[in-house]
Amino acid sequence: MSRLNPRQQEAVHYISGPLLVLAGAGSGKTSVITRKIAYLIQHCGIRAQNIVAVTFTNKAAREMRERVATLVKGVEAKGLTVSTFHNLGLTIIRKEHARLGYKAGFSIFDEGDVKALVSDILHKEYAGDDSVEAIIQQIGQWKNDLILPEEALQQIRTPQERTAAAVYLQYQRTLKAYNAVDFDDLILQPVKLFQTHPDVLEKWQQRVRYLLVDEYQDTNASQYLLVKLLVQGRAHFTVVGDDDQSIYAWRGARPENLIQLQQDFPSLKVVKLEQNYRSTSRILQCANQLIANNPHVFEKQLWSDMGHGDPIRVIRCRNEEAECERIALEILTQHLRTGRPYNEVAILYRGNHQAKLLELKLQHHQIPYRLSGGTSFFARQEVKDLMSYFRLLVNPDDDNAFLRIINVPRREIGSSTLEKLSQYAQTRQISLYAACGELGLSTHLDSRFIERLQRFRHLMERVRYQCAQDDPIEALRDMVLDIDYENWVTQNSSSEKAAAFRMSNVWFLIEALKNTLEKDEEGGMTIEQAIAKLVLRDMLERQQEEQDGAEGVQLMTLHASKGLEFPSVYIMGMEEEILPHRSSIETDCVEEERRLAYVGITRARHQLTLTFAAKRKQYGEVFDCSHSRFIDELPQEHLQWEGQEEAPAEVKSARGNEALAGIRALLNRS
DNA sequence: CGTATGGATGTTTTT
DNA sequence: CATCCATACG
């Protein structure tokens, strides 16, 4: 899309004040952002190093960077920042770590580390039946809302919150002692820093002369505050978002931030992008009519001139197995008939578990597929082990990493040794790793055990020295050989094949590190920074994509599909209790589910197929299912039902009438 | 330290 | 029903 439409041009050229771009699905928002960056550099005299664009995913950031690169010359784009919120926060913390009380080389805890730590604190100090998950979630909520442990303790309302707040306090202290931050801290700490140190804030405001934010509806309270602080005073910024695609409220995202913006910046200009360049008008009419059932602050109507297209098919299947079978078979015949590649097709579903049966059926018909999501690479044991080695190398205070690998592979260091080591470390207020090297240990431990600990310490010191001396990648490879990790992996794997696979993950991780270091244009990246990038899941995704860029049907959750598009889309499990998920119905949060359906529908370019099962086996019992209320909310004249004897059963009761009223309202408007 | 058994759980997860 | 986790036991 080389030419911009008038709305898009307006969005690109308006730079005199705060701007909100309401970008409907498929309306070319990435083009607007990238073109605007180019415009700022080439026509507004703003230097690239003073422009910051923020996204939520590494993928989006990468895509944006690449597209800007095609628009402006390399020299002009030098110093441009396009990064995720978390990466930006990391940059800030890294530069200001001293003021925040962190030492260089601090660790970033991922959810696995967090879980281990919280569970440890909880079980050691509190004998309740509070679930670790619930406490983690509560802590996350507090952090998103910028509530520190001390404040949390003051506003407790329930016994659960009391425990959570107490754990939170301990958790935060421990993180500090480990010289570590978690994902939420990457946003929270910069905000707290800016709030208390006006001089630091001013420095960063000078640096960020123009700010662009993508997927603005997904910002949470602390992210919004970070944005607000950075643009304070000058208010030179553009945020792009779509309230109808807000599907992460359960994770702390605040779509109200869109409205808040208008209140905080009364001079805010709003530009709507309503022309869709992706889907047929039938698909868009479905999307529009569905979402019209939600309340709106900003009215919006998507349209396109891509032609009517085919009707939307609604297929009723006997049960969940028939549903998967049907989809698989149809994709297969479609592929054979038209010769179109498999990767033009996507199958979307609400929950990851729905992919299981589907996988089976696809395998049975030998249809290649790509499954995104699921158990992540970083949840693998060997990856966690190696990452812990990396982290301990960079940050000796990281007791979490220390504990994970002190006895991996076997070093005959058991729990009683660690108990005593930990006691000693506690009294001396030092890290476990540091304690290993202290002479005073001899009063607590037998020399035999001290020797084992020191052997480990020497190993790590040697690797660290080697890293600093010459090729760090080579040093890490040597380390893996040195500790004979392969032997350990082989012993702990069920088969030869499994062991080989796990070792390949190990080498892949090191390869990713190497790549990260090499691909850094400025060349100033240290091994510490490269490791941090790994933890933030940057770089690795790209490599994985490159590696298995193989063709195949794309399987993913509706959440994961946001931002993508496919010629043909199947949405399966269009049932009550699944697509409006049961818990959402119970808690009266159907609106977000509707947006989820909206996101799914608007992924399709030409073909859209909705399927549901009449019966479904659940928890060992067979249940009758009824199709999703969202199907009733679509314009019935565009639907083509299949597998159902009688027509859609004159939409029952109040719900149907409501939908009908929605249709009339839409017709009247247009 | 590794395995066996029982009990709870059953959504989505950009970093 | 099936899977995952924690705990207990050998």
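Just so it is clear: chains get the letters A, B, ... in the order the sequence lines come, proteins before strands, and each one is counted from 1.
Residue ring and nucleobase are not stacked for A:Tyr619 and C:dC1 under a centre distance beneath 5.5 angstrom and an angle between planes beneath 30°. The side-chain ring of A:His581 is stacked on the base of B:dT11, judged by centre separation under 5.5 angstrom and plane angle under 30 degrees.
Across the protein-nucleic acid pair, A:Glu412 atom CD and B:dC1 atom P stand 10 Å apart, rounded to whole Å. Atom CG in A:Leu534 sits about 13 Å away from atom P in B:dT15, given to the nearest Å. Put simply, CD on A:Gln137 is 13 Å from P on B:dT11, counting in whole angstrom units. In this entry the distance linking CD of A:Glu133 with P of B:dT12 reads 13 Å, nearest Å. Going from atom CG of A:Leu90 over to atom P of B:dT14 covers 18 Å, rounded to whole Å. Taking atom CD of A:Glu621 as the reference point, atom C1' of C:dC1 lies 10 Å away to the nearest angstrom.
Under a cut-off of 6.0 angstrom, the local environment of CD in A:Glu419 is sparse, with at most 12 non-hydrogen atoms contributed by other residues, nucleotides or ligands. Around CD of A:Glu591, the count of heavy atoms belonging to other residues, nucleotides or ligands within 6.0 Å exceeds 12. For A:Glu586, the CD atom is densely surrounded, since the number of other residues' heavy atoms within 6.0 Å is greater than 12. Within 6.0 Å of CD in A:Glu96 there are more than 12 heavy atoms belonging to other residues, nucleotides or ligands.
Within the 4.0 Å cut-off from OP1 or OP2 of B:dC1, at least one side-chain nitrogen or oxygen of A:Arg410 is found. A close approach under 4.0 Å does not occur between any side-chain nitrogen or oxygen of A:Thr84 and OP1 or OP2 of B:dT14. Taking 4.0 angstrom as the limit, A:Asn220 places none of its side-chain polar atoms (N or O) nearer than this to OP1 or OP2 of B:dT14. Phosphate proximity of B:dT15 to A:Asn87: absent, as no side-chain N or O sits under 4.0 Å from OP1 or OP2.
The same atom, P, is picked in B:dT11 and in C:dC4; the two are 12 Å apart, to the nearest Å. Separation of the P atoms belonging to C:dT3 and B:dT12 is 16 Å when rounded to the nearest angstrom.
Both A:Gly414 and A:Ala560 lie near DNA chain B, and the one whose nearest nucleotide falls closer to the 5' end is A:Gly414.
Residue-level contact check: A:Phe85 touches neither bases nor backbone, having no heavy atom under 4.0 Å from any strand. Residue-level contact check: A:Asp110 touches neither bases nor backbone, having no heavy atom under 4.0 Å from any strand.
Side-chain contact, A:Asp385 with A:Tyr485: a donor N or O sits under 3.5 Å from an acceptor N or O.
Under 3.5 Å, the side chain of A:Arg251 and the base of B:dT11 form no donor-acceptor pair of N or O atoms. The base of B:dT11 is paired with the side chain of A:Ser583 by a donor and an acceptor separated by under 3.5 Å.
Between C:dC5, B:dT13, B:dT15, one nucleotide has an atom nearer to the side chain of A:Asn352 than all others, and that is B:dT13. Of the candidates B:dT14, B:dT13, B:dT15, the closest approach to any side-chain atom of A:Asn58 belongs to B:dT15. Distances from the side chain of A:Thr557 to the nucleotides B:dT13, B:dT14, B:dT15 place B:dT13 closest. For A:Asn407, the side-chain atoms get nearest to B:dC1 when compared with the rest of B:dT14, B:dC1, B:dT15.
Of the possible polar contacts, none joining the A:Asp145 side chain to the A:Ile147 backbone as a donor-acceptor pair under 3.5 Å is found.
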